[in-house]
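All remarks here apply to the structure that follows.
No hydrogens, no waters, no symmetry mates; every other heavy atom, side chains included, goes into these values.
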Amino acid sequence: MSYAKVLCVGLVGVAGHVVEVEVDLAPGLPAVVISGLPDTALHEARDRVRAAVVNSGQRWPNRRITLNLLPATMPKFGSAFDLAIAVALLGGSGELPLLALDRVVVLGELGLDGTVRPVRGVLPMVAAAAQAGLERVIVPADNVAEAAVVPGVRVRAVDTLHRLVEFVRDGTPLIEPPAPTPSAGPDGPDLADVAGQALGRRALEVAAAGGHHLALFGPPGAGKTMLAERLPSILPELDDEAALEVTALHSIAGLLPAGGRLLRRPPFQAPHHTATVASLVGGGSGLARPGAVSLAHRGVLFLDEAPEFGRGPLEALRQPLEHGRVQLARSRGGTEYPARTQLVLAANPCPCAKPAGDTYCECSPLARRRYLGRLSGPLLDRIDVQVTLPPLRAAELMEATMTEEPSAAVAARVAAARQAAAERWAGTGCRVNAEVPGPRLRRPPWRLPDRDTRELRGRLDSGSLSARGFDRIIRMAWSVADLDGRGRPHSDDVREAIQLRTGDAA
């Protein structure tokens, strides 16, 4: 037999596609030709596979070898095809009967000594195989725990090419997935550590309840960073669908923790202010990799010292914040990653960051405006909650932290508010209030009475508020009402939402 076929999976973004690895051996000068839009890593597979086959004790066919990856019109990236290529080649040369690999997906990178090395993106690859109706998958041993979290798929692992050959030829058992271990969940920072700042705590709670973006302004030491770092501690755990999305993104980026468990806690990303556009929204040669905004999907993206970020990276966040996804166009094809994240900005009031007043602050009013002006109006217009934290007083700092409300108590209220919102918007595809389209909230039965929105409409008519800001305040009013256990917002909820949006709260 001179033809063989083995199934594999290729990734384009987070979307996996089943790929048929075809091998044909024909008479002629010995050569290896790879077709099907392979990238550089795949072109180099011919040398890796040859060395791995020979060093595993198998015979390399001295013939003209043609490798084709179907569908041929889809670009193929990475080294996850190595193991499938090697097995298909041995099957085409007559060395292996491939009946045992019928409708089995084979994934893995080969070392020159025949070892099977882990690859990125195994979880979305296995999920794609399950969606295509394939129920058996063979993966590298280091990826088996990650692959086993996908329901409805029988996963087995190999550590060497020789082990897979023995399985196909003689039925030698493969490596079984380890027993799942319960996730203990690392102890993170608690909201009880934050002294005072009742306004900041309320802003954080409203933002968590509705999935709203948040901007915290104030002098150094006011608690901006502490509040932002504790936002994940009051967010609910991810459900199965969201956990699979988040875990798949971290798998593609190669950041999945050891053990391969689903990530149940909302992710937290805090890039340095020297971050580039590519590191924030995604990029790289060939297939663009997910950036921080996608790695924070269903979690929190925190930009500390936000005015110190470059203008390009900050402005690049505008579209992901609006649409909840990142679309990256490259010469070899486009990629789309989800980016439904909560953005949290923190900023000092001026470059010197000293207390306000002529005695301490050395910055002129113009310098202050220029500093905060680095955060453009269109970007801030997409931030729902914008509050200025006052400096801490000695009494607030010195009193016992045991008097402050812990994260667990706040998280219970946030979970109840999110549950109320989920029941209200069931069937619309919206999980939280921040995702609800503005037109839906301005039409019956969700439109608020004119008496409750009189002040809000006045601000819109005067030009001090944009139409986007109008919709965002309405969404926040619903979040305030959910936190307080009311079925619909009233005028006080709208007024509090205006204060949280404009910073007019006392």
Rounded to the nearest 0.5 Å, how far does [atom2] of [Y] lie from [atom1] of [X]?
| X | Y | atom1 | atom2 | value |
| --- | --- | --- | --- | --- |
| Q342 | L214 | CD | CG | 8.5 Å |
| R325 | E336 | CZ | CD | 5.5 Å |
| L161 | L110 | CG | CG | 5.5 Å |
| Y337 | R289 | OH | CZ | 6.5 Å |
| D482 | E423 | CG | CD | 10.0 Å |
| E245 | S294 | CD | OG | 11.0 Å |

Next on the checklist: Determine whether I65 and V32 satisfy the following criterion, side chain to side chain contact (heavy atoms under 4.5 Å, CB included), listing intermediate values before the conclusion.
Outcome noted: CA-CA 5 Å; I65 301 170; V32 178; 4.2 Å; yes
If I compare all heavy atoms of [X] with all of [Y], which pair ends up nearest, and what's the gap?
| X | Y | answer |
| --- | --- | --- |
| S407 | L191 | OG-N, 2.7 Å |
| R418 | L235 | NH2-CD2, 3.6 Å |
| D304 | H273 | O-CB, 4.5 Å |
| A434 | H212 | CB-ND1, 3.8 Å |
| F81 | C8 | CD2-SG, 3.6 Å |
| L98 | A88 | CD1-CA, 4.4 Å |

Next on the checklist: I'd like to know whether H213 forms a side chain to side chain contact (heavy atoms under 4.5 Å, CB included) with V385, so could you lay out the CA-CA distance, the side-chain angles of the two residues, the decisive distance to 0.1 Å, and finally the verdict.
Outcome noted: CA-CA 6 Å; H213 304 307; V385 184; over 6 Å; no
Do [X] and [Y] sit within salt-bridge range, that is, some charged N less than 4.0 Å from a carboxylate O?
| X | Y | answer |
| --- | --- | --- |
| R163 | E166 | no |
| E435 | R298 | yes |
| E308 | R374 | yes |
| R136 | D102 | no |
| E241 | R431 | yes |
| R442 | D471 | yes |
| E322 | R472 | yes |

For [X] and [Y], indicate whether the former's side chain and the latter's backbone hold a donor-acceptor pair under 3.5 Å.
| X | Y | result |
| --- | --- | --- |
| N143 | V119 | yes |
| K76 | V19 | no |
| S233 | D190 | no |
| R63 | L29 | no |
| Q269 | V293 | no |
| D381 | G377 | no |
| R48 | L42 | no |
| T247 | L244 | no |
| Q319 | A316 | no |
| R156 | I138 | no |

With a 4.5 Å cut-off on side-chain heavy atoms, are [Y] and [X] touching?
| X | Y | value |
| --- | --- | --- |
| P378 | R318 | yes |
| H297 | R340 | yes |
| L372 | F217 | yes |
| W60 | L89 | yes |
| L256 | L263 | yes |
| V104 | V137 | no |
| L321 | L379 | yes |
| L317 | V281 | yes |

Checklist entry - Near R413 CZ, under 6.0 Å, is it more than 12 heavy atoms from other residues, nucleotides or ligands? => result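 Yes, CZ of R413 has more than 12 neighbouring heavy atoms, counting only those of other groups under 6.0 Å.
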Checklist entry - Around atom CZ of R169, are there more than 12 heavy atoms of other residues, nucleotides or ligands at under 6.0 Å? => result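 Check passes, neighbour count above 12.
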Checklist entry - Under the side chain to side chain contact (heavy atoms under 4.5 Å, CB included) criterion, do S251 and R120 qualify, and how do the steps go? => result CA-CA 6 Å; S251 174; R120 294 180 176 183; 5.7 Å; no
With no hydrogens and no angle check, just 3.5 Å: does a side-chain donor-acceptor pair link [X] and [Y]?
| X | Y | result |
| --- | --- | --- |
| T66 | D24 | no |
| D113 | T115 | yes |
| H162 | T160 | no |
| R424 | N433 | yes |

Next on the checklist: Evaluate L7 against L134 for side chain to side chain contact (heavy atoms under 4.5 Å, CB included), listing each step before the verdict.
Outcome noted: CA-CA 10 Å; L7 299 180; L134 302 171; 3.9 Å; yes
Next on the checklist: Could you go through D240 and R264, starting from their C-alpha distance and side-chain angles, then the distance that decides it, and tell me whether this counts as salt bridge (charged side-chain N to carboxylate O under 4.0 Å, His left out)?
Outcome noted: CA-CA 8 Å; D240 291 343; R264 291 289 183 179; 2.7 Å; yes
Item to check | Residues R230, D193; criterion salt bridge (charged side-chain N to carboxylate O under 4.0 Å, His left out); working and verdict | outcome: CA-CA 9 Å; R230 283 151 182 79; D193 301 333; 3.3 Å; yes
Checklist entry - Name the one of L227, V414, V194, V344 that satisfies side chain to side chain contact (heavy atoms under 4.5 Å, CB included) with L204? => result L227
